[in-house]
Each structure stands twice: as structure tokens, then as C-alpha cells.
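The next block holds one structure in the form of C-alpha cells; read it before the comments.
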Amino acid sequence: MNTNLGVIAEGVSLSYNSRLVLGDVSLQLRKGAIVTLLGPNGCGKTTLLKIINGLLRPDSGKVYVDGNDVSRMGQTDMARLIGHVPQTQRSSFPFTALDIVLTGRMPHISALSQPGPRDLEKARQAMDMVGASHLSSRPYTQISGGERQLVMIARALAQEPSFLLLDEPTSYLDFKNQYQVLKMVSQIARDQKVTVVMTLHDPNHALMFSDEVVLLRKLAEKGCKDEQECKVKSNRNCQNVVAAGSPAEVMTPENIFEAYGIEVEFINVRKRLILLPL
Ligand SMILES: Nc1ncnc2c1ncn2[C@@H]1O[C@H](COP(=O)(O)OP(=O)(O)OP(=O)(O)O)[C@@H](O)[C@H]1O
Ligand SMILES: [Mg+2]
């Protein structure tokens, strides 16, 4: 197995209530890369992240993270390897924000032990990194959506994983915090050689912050006309991946049209490509 590859998906398919949502997804994501999954609502980004994290089992296909078959990994090993910030966060218990971040240390604390000073330090450092130290003693149930998002990202950082899966990390964040968080994630990926797989909705963020982009399309609501035909790998209607590779290669107007059905153009501003809907 190629040791430069962090995440490998081989022919992953999944249906919900016999509707095909992910069809034959194969990916090879480089270790240490920042990878963005981009695509319209309902195309299967969250589902794919859950499969990579072992929370969902695909109907067929395999996923390997750092060479490990995720279907064979235990929860603790998984939590040491992968930090996951889900799309929606809920907590009805009034733990403080710091307590929540400390739970990220659980995979490193042996059974029946309490978090030690080192765990507390890691948790505080993580809160500092996302600019959320001021929230430490606030009940998690009484902070805003964006503040919760920062706390959950800090929790994943406190976990010190080699792989970080972020499902719409910027969705609740203000204009400044969106950039701050994405910059911080890029820095961590570079400095600590963490592989990041995240979903984003803003293609310009994807252009700015990704080493690789996986552009996905939504499969037809009514399913395939011909299931046999669907199994033929060249049938694009039953496959989600429009293109995968460098942002510039993947995010062409043609590919964006194929994924979203809208016309866009790129403009060059101060040596940066900006995508605009027409
Ligand atoms: N538990 C479930 N049961 C049935 N259908 C589901 C379930 N979870 C998701 N789906 C459906 O599967 C499809 C893919 O959902 P998913 O959440 O992976 O999309 P997404 O790309 O993350 O979308 P978004 O950008 O809106 O977050 C959607 O059509 C959704 O309605
Ligand atoms: Mg989603």
C-alpha cells in the first residue's frame, strides 16, 4: 500500500432506504493534504465523512485511513487517529466549554483515570488556537452557534489526531472567523502534518485553502433507470465524483456546471482566482 496516501476509498456505495446516495466513490487522498469535499446540498458529503470515520458502513467498498481498514478499527484507536467535527452539534448538558474541549482528550486517558494537568493544558491550548479562551467557563448550552462551532473545533484539536474531518467548519462563523479558522486549520495541517478532509460550501474558500478538491454531484432522486447499467463503472449518472485533484484542475466552469448546474466565470484579482456566478 502506498504510504503517502492518508485516505483511500475504494468503490464506496451507500443507499438510504434503497435510494443510492453514494455510488462507486473511489478516492486517494495524500497524507498531510488539505482536501475539500465540494458539492450541492444532499450530494453525500456528510455521508462520506461519516463513512471515513467509521460511523456509517458502506453497502459496498472499503475505506482505509493511514493504511487501516476502518471497518476493523475499534472506537479508541479511531479516536486517536481521527478527529471529527460534525455538521450539527447538540448538547443538552450544561457542561462548560472547557469541559467539552477536555472530552477530546478521552482517547489519551486510560480507563478509570481523570484528565491530568497535561490534558488540561492541551485543552486550554486548543481553545487558545481557535480564539475561544474567553468561553472556557461558559455553559456550552448558553453560547452562540458560531461559538459552539469554535469549541467543537478546539475539542477536535485537543484530541491531537493525525486526521481531521471537518463538516462545514465555517457554517456558523462570521466573516472574520471563517478566514481565521481556515487559516488556522491550514497552519496545523502544515506544521503538524495533519491530513484535513473538510466540506465547504464556498468555492472561493475551497480555492484558497485546499491542496486538493473533490467535486461531487448529487445522484438522481428517483434512482437509476437501470440498476444493471448503474453497475457499469462508466455510467456517470450513478457516480458522484465529477473530478478530484488540484483546485485549479477540478474547479473549471464545466465541472462546476456539472456539479451545480450553474454558469460561473473566474476572474483574476491580485493573482488570486475568484469564482463568480454569472
Ligand atoms: N439518515 C438518513 N436517512 C435517509 N436519508 C438520508 C439520511 N441522511 C442523509 N440522507 C439523505 O442522503 C443524501 C445525502 O445526505 P448528506 O447529509 O450526506 O448530504 P450533504 O452533501 O452533506 O448535504 P449538505 O450540503 O446539505 O450538508 C440527502 O439526500 C439526504 O436527504
Ligand atoms: Mg452535510
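For clarity, every value in this text was computed on a predicted model and none was experimentally measured. Note that ligands are numbered from 1 as they come in the structure, with each ligand's atoms numbered from 1 the same way.
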M73 CE: over 12 foreign heavy atoms closer than 6.0 Å: yes
Return the closest protein heavy atom for [atom] as residue, atom name and distance.
atom	value
atom 25 (O) of ligand 1	K45 NZ, 2.7 Å
atom 31 (O) of ligand 1	R19 NH2, 4.0 Å
atom 16 (P) of ligand 1	T47 OG1, 3.6 Å
atom 23 (O) of ligand 1	G42 N, 2.8 Å
atom 17 (O) of ligand 1	T46 CB, 3.6 Å
atom 3 (N) of ligand 1	Y16 CD2, 3.7 Å

Given side-chain hydrogen bond (donor to acceptor under 3.5 Å, both in side chains), test S71 with R57 step by step and report yes or no. CA-CA 7 Å; S71 69; R57 287 273 169 97; 5.1 Å; no
If you count the atoms of ligand 1 from 1 in the order shown, which ones are under 4.0 Å from a heavy atom of [X]?
X	answer
V21	12 (O), 13 (C), 14 (C)
H201	25 (O)
Q87	27 (O)
N41	23 (O), 24 (P), 25 (O), 26 (O)

I'd like to check whether G39 has a polar contact with ligand 1, where a contact means an N/O of the residue lying under 3.5 Å from an N/O of the ligand. no
Determine, step by step, whether Y179 and H205 satisfy the ring pair (Phe, Tyr, Trp, His ring centres under 6.0 Å) criterion, reporting the C-alpha distance in whole Å, the side-chain angles of both residues, the deciding distance to 0.1 Å, and the verdict. CA-CA 8 Å; Y179 278 88; H205 284 166; 5.1 Å; yes
With the threshold set at 4.0 Å, does a side-chain nitrogen-carboxylate oxygen contact exist between R124 and D119? no
Ion pair K45/D167, N-O distance below 4.0 Å: no
Distance to the ring centre below 6.0 angstrom and angle to the axis at most 45 degrees; does that hold for R148 and Y172?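 No, cation not above the ring by the 6.0 Å, 45° rule.
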Does some side-chain heavy atom of R19 sit less than 4.5 Å from a side-chain heavy atom of L219?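 A side-chain contact is absent here, since even the closest heavy-atom pair is not under 4.5 Å.
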Report the angle formed at the Mg ion (ligand 2) by atom OG1 of T46 and atom OE1 of Q87, rounding to the nearest 10°. 80°
For the Mg ion (ligand 2), does an N/O/S atom of T199 lie at less than 2.8 Å?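 So T199 does not count as coordinating the Mg ion (ligand 2).
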N41 N/O/S atom closer than 2.8 Å to the Mg ion (ligand 2):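 False for N41.
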For a side-chain contact (heavy atoms from CB on, under 4.5 Å) with V242, tell me which candidate from N255, T252, V214 qualifies.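 Among the candidates, only N255 passes.
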Among R105, R80, Q192, find the residue that satisfies the side-chain hydrogen bond (donor to acceptor under 3.5 Å, both in side chains) test when tested with E160.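 Result for side-chain hydrogen bond (donor to acceptor under 3.5 Å, both in side chains) with E160: R105.
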